[in-house]
Amino acid sequence: VVGGGKATAPMARAIEDLLGKKISRGIINVKYGFTENLACTEIIEAGHPLPDQSGVAGTRQILGLLEDASENDLVFSLISGGGSALLTQPGGKITLQEKQEVTRSLLACGAGIDEINAVRKHISSSKGGQMARAAYPATVMNLMLSDVVGDKMDVIASGPFVPDSSTYKDALDILKKYDLKEIPLSVQEHLRGGFEKKLPETPKDGDPIFNRVFNI
């Protein structure tokens, strides 16, 4: 069991009620104070709406758990609102502080949640289908509670297990659209490197890593 979001702890409690001892291990990231009494799922409390070091540490543990999963494992992913901030693992040489600066700028400029998440996916190694890449070839049941108008699956919590419809070019275009000049150099270089195909894109629709991912 893995996941992140403001409602993920009660989701985990429900999964534990249903599956009990069949769960071998669980790690979830939740907002400070948004906890439950769980028997076999570790709760890591972390920052929201701005990510913090606790969220990074928890996300690293979740990615490690997913990478250990085999084709005989069944992963339940529990995703809810706030998951973008809570499931945070900066990509490349980007630091948490730099990612916080970008998030703060995007929140302040009036960008839409789909635009904010398009950028966050491309400065992260956990969002935009990248957790599905880590979990492959395990089977994943990705259970999502939507807080996004229109329920776009790749926008909910930045779609950690969902094919990403956005690109590095989109991320750069969003920064240009809102004239965000105070973006850390490492972030600019990372996005430019992705645009120039020096870095792999986030996984797209049709990638075989999604063959055993079921989004609900």
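Position 1 is the first residue of the sequence, and the numbers go up from there.
Side-chain N or O atoms of Asp73 include none that pairs as donor or acceptor with a backbone N or O of Ala138 at under 3.5 Å. In this structure, Gln100 contributes its side chain and Pro51 its backbone to a donor-acceptor pair below 3.5 Å. Not one N or O on the side chain of Asp68 forms a donor-acceptor pair closer than 3.5 Å with the backbone of Leu65. The backbone N or O of Gly129 lies less than 3.5 Å from no partner atom in the side chain of Asp164, so there is not a single donor-acceptor pair. For the pair Thr139 (side chain) and Arg212 (backbone), a donor-acceptor distance under 3.5 Å is absent. A donor-acceptor pair is defined here as one N or O able to donate and one able to accept, closer than 3.5 Å; such a pair exists between the side chain of Ser84 and the backbone of Ser158. A donor-acceptor pair is defined here as one N or O able to donate and one able to accept, closer than 3.5 Å; no such pair exists between the side chain of His48 and the backbone of Gly5. Between the side chain of Glu16 and the backbone N or O of Ala39, at least one donor-acceptor pair lies under 3.5 Å.
There is no path of hydrophobic side-chain contacts, each under 4.5 Å, that joins Ile27 to Leu38. In the hydrophobic clustering of this structure, Met144 groups with Ile113; members are Ile, Leu, Val, Met, Phe, Trp, Tyr whose side-chain heavy atoms approach within less than 4.5 Å, directly or through other members. Under the 4.5 Å side-chain heavy-atom criterion for Ile, Leu, Val, Met, Phe, Trp and Tyr, Ile43 and Ile79 are members of distinct hydrophobic clusters. No chain of hydrophobic side-chain contacts below 4.5 Å, direct or via other Ile, Leu, Val, Met, Phe, Trp or Tyr residues, connects Phe76 to Met131. Both Leu18 and Leu78 are part of a single hydrophobic cluster, where members link through side-chain heavy atoms under 4.5 Å apart.
Contact between Leu199 and Gly194 at its shortest, heavy atoms only, is CD1-N, 3.8 Å. When all heavy atoms are compared, the tightest approach of Leu143 to Met11 is O-CE, 3.6 Å. Ala132 approaches Val213 most closely through the heavy-atom pair CB-CG2, 4.2 Å. Contact record, Ala46 with Leu86: O-CD2, 3.6 Å, taken as the closest heavy-atom pair. Between Ala12 and Ile28 the shortest heavy-atom distance is CB-CD1, 3.9 Å. Closest non-hydrogen pair, Ala118 versus Ile174, comes out as CB-CD1, 3.8 Å.
For the pair Thr167/Asp170, a side-chain contact is recorded, criterion being any heavy-atom separation below 4.5 Å from C-beta on. Using a 4.5 Å heavy-atom threshold, the side chains of Leu172 and Lys176 count as separate. When side chains are defined from C-beta on, Pro90 does not count as touching Thr95, because their heavy atoms never get closer than 4.5 Å. The closest side-chain heavy-atom distance from Tyr168 to His190 is below 4.5 Å.
Sorted by first and then second residue, the pairs that involve residues 32-48 and meet salt bridge (charged side-chain N to carboxylate O under 4.0 Å, His left out), not counting sequence neighbours, are Arg13-Glu36. Sorted by first then second residue, the salt bridge (charged side-chain N to carboxylate O under 4.0 Å, His left out) pairs that include residues 145-158, not counting sequence neighbours, are Lys121-Asp154.
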Q: Apply side chain to side chain contact (heavy atoms under 4.5 Å, CB included) to the pair Asp52 and Tyr32, showing each step before the final yes or no.
A: CA-CA 11 Å; Asp52 67 4; Tyr32 290 107; 2.6 Å; yes

Q.
side chain to side chain contact (heavy atoms under 4.5 Å, CB included), that's the test. Do Val30 and Thr35 meet it? Break it down for me.
A. CA-CA 7 Å; Val30 304; Thr35 62; 4.2 Å; yes

Q. Under the side chain to side chain contact (heavy atoms under 4.5 Å, CB included) criterion, do Val2 and Phe161 qualify, and how do the steps go?
A. CA-CA 11 Å; Val2 298; Phe161 289 92; 4.1 Å; yes

Q: Verify side chain to side chain contact (heavy atoms under 4.5 Å, CB included) between Leu175 and Leu191, making sure each step is shown before the conclusion.
A: CA-CA 10 Å; Leu175 298 184; Leu191 293 176; 3.6 Å; yes

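Members clustered with Leu185: none, using a 4.5 Å side-chain heavy-atom cutoff among hydrophobic residues. With a 4.5 Å cut-off between side-chain heavy atoms of Ile, Leu, Val, Met, Phe, Trp and Tyr, the cluster of Val56 takes in Leu96.
With a 6.0 Å radius and a threshold of 12 heavy atoms from other residues, nucleotides or ligands, Lys93 has its NZ atom at or below the threshold. Crowding of Asp17 atom CG: a count of heavy atoms from other residues, nucleotides or ligands under 6.0 Å exceeding 12. Counting non-hydrogen atoms of other residues, nucleotides and ligands closer than 6.0 Å to CG of Asp205 gives a total of 12 or fewer. Crowding of Phe195 atom CZ: a count of heavy atoms from other residues, nucleotides or ligands under 6.0 Å not exceeding 12. Around atom CD of Glu182, no more than 12 heavy atoms belonging to other residues, nucleotides or ligands sit under 6.0 Å away.
The closest side-chain donor-acceptor pair between Asp207 and Tyr136, if any, does not fall under 3.5 angstrom. With no hydrogens or angles considered, a side-chain donor-acceptor pair links Thr8 and Ser80 at under 3.5 Å.
Put simply, CG on Leu106 and CG on Leu180 are 6.0 Å apart, with the number rounded to the nearest 0.5 Å. Remark: Ile156 CD1 to Asn142 CG distance equals 9.0 Å, nearest 0.5 Å. Ser24 OG to Leu74 CG: the interatomic distance, rounded to the nearest 0.5 Å, is 10.0 Å.
Looking at residues two or more places apart in sequence or on another chain, you find a salt bridge (charged side-chain N to carboxylate O under 4.0 Å, His left out) between Lys177 and Glu115. Ser124 is linked by a side-chain contact (heavy atoms from CB on, under 4.5 Å) to Lys99, Ser126, Lys127, counting only residues two or more places apart in sequence or in another chain.
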